[in-house]
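A short worksheet on the structure shown next.
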Amino acid sequence: MFQYSSSTMTQDGTSLSPEQALQHARLTFQNNQVYSIKQRITEVKRVIEYIRINRESITDELTQATGKTRTDALVSEILGVLDNLHWNCANAKRILTEKKVHTPITLLGKSSRIRHEPFGVILLIAPWNYPLHISLTFAIGAFLAGNCVVIKPSEHTPMPGLLERIFAAAPLLASCIQVIYGDGKTAQQLIDAKPDKIFFTGSTVTGKKILRQASEHLIPVDVELGGKDPMIVFEDVNIQRTVAGALWGAMTNAGQSCTSVELLYLQRSIFNPFITQFKQAMEELVINTGDQGNADVGAITTNFQAEIIQEHLEDAKRKGANLFSVGQAISATSRLIPPTLVTDVSEDMLIVQEETFGPVVCAIPFDSEDEIIRLVNQSPYGLSASVWSKDLKRAQRVSHALQTGAVSINNVMLTEGNPALPFGGVKESGFGRGKGEEGLLAFTRSKAIIIDKQSSKKEPNWYPYTIKKYQLFSELIDTLFSNDWLKYIKLALVGGKLEKTSQQARGD
Ligand code: NDP
């Protein structure tokens, strides 16, 4: 494994501790406020170009660091990140520019604006499953919004130097985003150095620890956490296509995706034919690591994750589940876990209750719409889900009833494929939204501004309070919130009287 130290190098080659890195980011933030959104977009376009041109060598590094298949690396990481950055470049100016908003009639003569100001320094704590996509998408969103960023990649997939090489294509951006290598302790030190906001992607357990630590300093945190995503299949679907979708949704990135399908709910009448076709499709999977683009399912990135998956499978087997696997038994060196379908599961199994995060899916029959909504909403998690049915009214009705952050209808993990859509969960899957308009605004603090003219006039609600003013305000409430068709004429009259009274001294 890469030997990390809790330090980073600045552009001039100096080594920094977590505290110094935060301090450095704060200073850079102050100095870089002059750069416009247009200049920042130009920088991001340079990064896009660098990744586009160097995608094969970046894919090499990604596959070596994670063991994922070459196609998973190219599509889920590189295409995914480019798509998000491209969308951000096209939309950031519209979303982040100061906006004029409506001013009510009671504040006649004023104008109201919202400014989306950067927080300052964003600390991004990233997981190991999509080490490029997650770090880059959010770090660059935060940069576009005007922040400086400190990224703490996972110690399990640090890919030392890769992010820095990418950033070097854009000098201003490189000066605003630092990478600090280290483990959980390094992340804790970075939190204690008081960044202005933390954006965390990782497990629910760690997310809760971060929230506790951040609360000591009142640092706002967005948490993108684990999931146990359901795929709900009604009996009227095209089985062949749905099987293909379920297989990819369960096995992509060897199941190491927060939104991969872990629970496959099948309406009882199609359970058996669906399972038969699913097993046939599983038999055709190519399982390999270090491939040239021709393997479907790759390796598990870390030993500890492989152990968790094994533990879930053994627990299920012990408690009476049926396991159907393809490929060879796990090898300690390759971490290739055979894709597995689990049936005859019960509520007390780890594989049903906890995030497995591997190439494993449980198939469970259900009978009715009400039952499946209740079953899914019982889960402590709520990241995303998919609903499959020819009856789009039913599919939409179910999607509205599900307590999740996203739902794909007649497709799987597809909301993530559209950079305009927000991403995030509910319940134990976290809160806050990354990506899309909400994702960019999450890196800003909204500042409300109201502009009045310089004049000699006092406001009606300023002192002195008098009986006459009180009665006029009472009349104003009646007029303002009534449905009277003469409302605006009456408002003008009351407003005029209030205006006049407000300019008088007490006792006039
Ligand atoms: P972890 O929670 O273990 O780690 C995430 C990051 O937090 C890593 O950089 C880790 O460092 C760091 N960390 C560990 N301990 C602490 C601590 N006490 N304080 C601060 N930071 C700490 O998650 P994984 O890396 O194992 O990632 C897998 C998890 O991420 C899964 O649960 C998955 O569902 C979730 N995930 C969620 C996504 C979402 O958007 N909702 C997307 C992708 C993944 P280090 O690794 O160096 O120990």
Side-chain angles (χ1 to χ4, degrees), residues 1-6 18 65-66 68 76-77 80-81 84 123-135 137-138 150-160 179-193 195 198-216 219 221-229 252-262 300-309 354-358 380-384 404-406 413 415-416 421-435 439 442:
M1 184 187 282
F2 166 65
Q3 290 302 305
Y4 59 83
S5 64
S6 294
T66 60
K68 60 179 73 186
S76 305
E77 298 251 30
V81 86
N84 277 292
L123 171 60
L124 198 84
I125 305 176
W128 47 261
N129 61 333
Y130 290 110
L132 185 86
H133 184 147
I134 291 175
S135 295
T137 301
F138 298 124
V150 175
I151 304 174
K152 207 299 280 174
S154 169
E155 63 182 309
H156 305 292
T157 49
M159 299 186 295
V179 188
I180 290 270
Y181 296 98
D183 54 13
K185 195 159 171 277
T186 309
Q188 289 173 331
Q189 290 167 340
L190 286 163
I191 296 170
D192 279 337
I198 301 168
F199 194 93
F200 172 72
T201 308
S203 64
T204 303
V205 172
T206 309
K208 288 180 183 175
K209 286 185 196 161
I210 290 175
L211 284 168
R212 275 195 288 274
Q213 195 189 346
S215 72
E216 287 298 316
I219 303 170
V221 191
D222 280 358
V223 281
E224 302 283 0
L225 308 177
K228 186 83 190 163
D229 279 10
T252 184
N253 212 36
Q256 301 160 106
S257 171
C258 50
T259 56
S260 54
V261 177
E262 298 219 355
I300 299 305
T301 300
T302 67
N303 281 327
F304 68 81
Q305 193 59 46
E307 283 163 17
I308 293 172
I309 300 163
E354 296 180 8
E355 188 180 34
T356 305
F357 222 55
Y381 291 108
L383 196 49
S384 84
T404 57
M413 296 172 77
T415 52
E416 291 149 77
L421 290 173
F423 184 80
V426 303
K427 301 196 280 187
E428 297 260 317
S429 294
F431 48 80
R433 293 291 179 264
K435 300 188 182 172

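Since the model is a prediction, treat every value here as computed from it, not as a measurement. Whatever order the structure lists ligands and atoms in, that order sets their numbers, starting from 1.
Minimum interatomic distance between N253 and N129 (heavy atoms only, all atoms of both residues): ND2-O, 3.3 Å. A pairwise comparison of heavy atoms in I308 and T356 identifies CG2-O, 4.4 Å as the closest pair. Considering every non-hydrogen atom in both G358 and I300, the closest pair reads CA-CD1, 4.5 Å.
In this structure, atom 32 (O) of ligand 1 lies nearest to the protein heavy atom E355 OE1, 2.7 Å. Atom 25 (O) of ligand 1 has as its closest protein heavy atom W128 CD1, 2.9 Å. Ranking protein heavy atoms by distance to atom 44 (C) of ligand 1, first place goes to N129 ND2, 3.3 Å. When hydrogens are left out, the protein atom nearest atom 11 (O) of ligand 1 is K152 NZ, 2.8 Å; that is the closest non-hydrogen contact. Looking only at heavy atoms of the protein, atom 27 (O) of ligand 1 is closest to P127 CB, 3.2 Å. Shortest contact from atom 38 (C) of ligand 1 to any protein heavy atom: C258 SG, 3.0 Å.
Closest heavy-atom approach to atom 29 (C) of ligand 1 within the set G207, A187, G425, S203: this belongs to S203. The heavy atom nearest to atom 41 (N) of ligand 1, out of those in T301, T157, L225, is found in L225. Considering P153, G202, A126 only, the shortest heavy-atom separation from atom 35 (C) of ligand 1 involves G202.
Proximity of T259 to ligand 1, defined as any heavy-atom pair under 4.0 Å, is not found for any part of the residue. At a heavy-atom distance under 4.0 Å, no atom of Q213 approaches ligand 1.
At a 4.0 Å cut-off, at least one heavy atom of I134 sits close enough to ligand 1 to count as contact. The shortest separation from a heavy atom of G182 to ligand 1 is under 4.0 Å, placing the residue in contact.
Using a 30° and 60° split on the angle between ring planes, W128 and F304 fall in the perpendicular class, above 60°.
The contact set between ligand 1 and F357, taken as ligand atoms under 4.0 Å from a residue heavy atom, comprises 28 (C), 31 (C), 33 (C), 34 (O). For ligand 1, the atoms lying closer than 4.0 Å to a non-hydrogen atom of L383 are 41 (N).
Between S154 and ligand 1, at least one pair of N/O atoms sits closer than 3.5 Å. Close N/O approach between Y130 and ligand 1 is not found [any backbone or side-chain N/O within under 3.5 Å]. Taking only nitrogen or oxygen atoms, main chain and side chain alike, T204 does not reach within less than 3.5 Å of ligand 1.
Annotation: cation-pi geometry not satisfied between K228 and Y381 (NZ/CZ under 6.0 angstrom from ring centroid, within 45° of ring axis).
With hydrogens and angles left out, the side-chain atoms of S384 and D229 include a donor and acceptor closer than 3.5 Å.
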